[in-house]
Amino acid sequence: MEKEAIKLISNNKKAYHDYFVEDKFEAGIELVGTEVKSLRLGKCSVKESYVRIRNGQIYILGMNISPYEKGNIFNKDPLRERRLLMHRSEIRKLEGKIAQQGYTLVPLQVYFKGSLVKVEIGLCRGKKLYDKREDIAKKDQKREAARDFKINNLQV
């Protein structure tokens, strides 16, 4: 069986900076035709978006899909609330986990899986300021080590 091609549309790098990602889930997304055409052009942002569960349904809010230029009257509001498609049991499991203190749902990336648009949702715990500083220090250390390694290999 062939593995379906995954084409990344939008990535949320800020989520990895602001949160510890504990678990990841894949969900479909309910869209209208012009939104899909706009996504094919890569016009999407999930940087400021978040996920909420209401009445047993899961929604993504704040996700910006730019209006399709040739869409005229069929274009929808770019920041409208969109329903995510997941199994009821998965939604219940997520609902139970967010009830715990400090957990939240954050969209990590939007991508095409074959012809379907999928959203990767992360079950996340917020980072404190000192955690962020620690991550930045680790990144700097890795960068320095790579630079030193490169310089040492050039001199030999």
Side-chain angles (χ1 to χ4, degrees), residues 1-129 131-136 138-140 142-143:
M1 186 183 253
E2 275 186 50
K3 200 171 189 182
E4 292 183 12
I6 292 177
K7 181 186 171 225
L8 187 66
I9 300 168
S10 179
N11 200 355
N12 191 356
K13 292 179 186 173
K14 189 178 174 193
Y16 291 101
H17 182 262
D18 292 340
Y19 301 98
F20 292 112
V21 179
E22 305 276 320
D23 207 355
K24 295 178 182 179
F25 298 89
E26 183 180 71
I29 185 168
E30 197 174 72
L31 298 169
V32 294
T34 56
E35 289 178 327
V36 176
K37 289 179 179 186
S38 191
L39 285 174
R40 290 216 182 275
L41 297 173
K43 302 206 173 175
C44 173
S45 172
V46 289
K47 204 169 276 179
E48 298 297 320
S49 60
Y50 56 97
V51 177
R52 289 284 175 257
I53 297 175
R54 254 194 327 258
N55 304 330
Q57 300 286 333
I58 188 165
Y59 296 93
I60 186 167
L61 296 95
M63 178 177 167
N64 187 359
I65 298 178
S66 300
Y68 183 60
E69 289 97 36
K70 300 178 182 103
N72 58 39
I73 61 166
F74 299 109
N75 282 332
K76 299 283 184 195
D77 177 29
L79 292 171
R80 77 181 179 90
E81 187 175 287
R82 295 171 180 89
R83 189 165 68 114
L84 297 180
L85 309 171
M86 289 179 85
H87 291 287
R88 190 169 285 132
S89 59
E90 285 182 306
I91 294 173
R92 272 197 231 109
K93 190 190 326 178
L94 284 175
E95 215 166 7
K97 288 192 177 182
I98 345 183
Q100 294 178 19
Q101 193 62 36
Y103 280 104
T104 186
L105 291 173
V106 179
L108 302 175
Q109 58 184 343
V110 180
Y111 54 91
F112 279 106
K113 189 173 184 182
S115 63
L116 304 174
V117 179
K118 299 286 184 177
V119 179
E120 187 176 60
I121 300 169
L123 181 67
C124 304
R125 218 170 11 99
K127 282 186 183 178
K128 303 280 188 243
L129 185 61
D131 290 325
K132 292 179 188 177
R133 286 186 186 141
E134 199 175 286
D135 282 351
I136 291 169
K138 282 181 186 174
K139 256 188 216 168
D140 287 345
K142 282 183 183 176
R143 197 177 303 120

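Just so it is clear, the values below take in all heavy atoms, side chains as well, and ignore hydrogens, waters and symmetry mates.
Shortest non-hydrogen contact noted between Val51 and Pro107 is CG2-CD, 3.8 Å. Lys127 and Tyr19 make their closest contact through CE-O, 3.5 Å (heavy atoms, listed as atom of the first residue, atom of the second, distance). Of all the heavy atoms in Tyr111 and Leu8, the pair that sits closest is CB-CA, 3.9 Å. Between Ser66 and Ser38, the closest heavy-atom pair is O-OG, 2.5 Å.
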- Message: Applying side chain to side chain contact (heavy atoms under 4.5 Å, CB included) to Ile6 and Phe112, what does each step give before you reach the verdict?
- Response: CA-CA 6 Å; Ile6 292 177; Phe112 279 106; over 6 Å; no
- Message: Does Tyr16 form a side chain to side chain contact (heavy atoms under 4.5 Å, CB included) with Leu108? I'd like the steps, not just the answer.
- Response: CA-CA 8 Å; Tyr16 291 101; Leu108 302 175; 3.7 Å; yes
- Message: Evaluate Leu31 against Leu39 for side chain to side chain contact (heavy atoms under 4.5 Å, CB included), listing each step before the verdict.
- Response: CA-CA 10 Å; Leu31 298 169; Leu39 285 174; 3.4 Å; yes
- Task: For Glu35 and Ile29, run side chain to side chain contact (heavy atoms under 4.5 Å, CB included): C-alpha distance rounded to whole Å, both residues' side-chain angles, the deciding distance at 0.1 Å, then the answer.
- Result: CA-CA 11 Å; Glu35 289 178 327; Ile29 185 168; over 6 Å; no
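Put simply, CG on Leu84 and CD on Gln57 are 10.0 Å apart, with the number rounded to the nearest 0.5 Å. Lys128 NZ to Phe20 CZ: the interatomic distance, rounded to the nearest 0.5 Å, is 9.5 Å. Separation of atoms CG (Leu61) and CD (Glu81) is listed at 4.5 Å; rounding is to 0.5 Å. Note that the SG atom of Cys44 and the CG atom of Asn11 stand 11.0 Å from one another [nearest 0.5 Å]. Note: Glu134 CD to Lys139 NZ = 13.0 Å, rounded to the nearest 0.5 Å.
Proximity of Ile58 to Ile121: side-chain heavy atoms (C-beta onward) are separated by under 4.5 Å at one or more points. Residues Tyr68 and Arg40 fail the side-chain proximity criterion, which asks for heavy atoms closer than 4.5 Å. Contact annotation: the side chain of Thr34 never approaches that of Pro67 to less than 4.5 Å [non-hydrogen atoms, C-beta and beyond]. In this structure, Lys113 and Glu26 have side chains that are in contact, with non-hydrogen atoms separated by less than 4.5 Å. Looking at heavy atoms from C-beta onward, Ile53 lies in side-chain contact with Leu105 at the 4.5 angstrom threshold. Arg80 has its side chain within reach of Val32: a pair of non-hydrogen atoms, C-beta onward, lies under 4.5 Å apart. Within the 4.5 Å cutoff, no side-chain heavy atoms of Val106 are placed close to those of Asp18.
Ion pair Glu69/Lys43 flagged as a salt bridge, since at least one NZ, NE, NH1 or NH2 atom sits closer than 4.0 Å to an Asp/Glu carboxylate oxygen.
Side-chain atoms of Arg82 come within 3.5 Å of backbone atoms of Met63 as a donor-acceptor pair (strictly under, hydrogens ignored). In this structure a side-chain-to-backbone donor-acceptor pair under 3.5 Å is missing from Ser10 to Val110.
Other residues, nucleotides and ligands contribute only 12 or fewer heavy atoms inside 6.0 Å of the NZ atom of Lys47. No more than 12 heavy atoms of other residues, nucleotides or ligands shown are found within 6.0 angstrom of NZ on Lys37.
Screening Asn12, Ile136, Asp135 for a side chain to side chain contact (heavy atoms under 4.5 Å, CB included) involving His17 leaves a single residue, Ile136. The one candidate from Arg143, Lys138, Lys142 that meets the salt bridge (charged side-chain N to carboxylate O under 4.0 Å, His left out) condition with Asp140 is Arg143.
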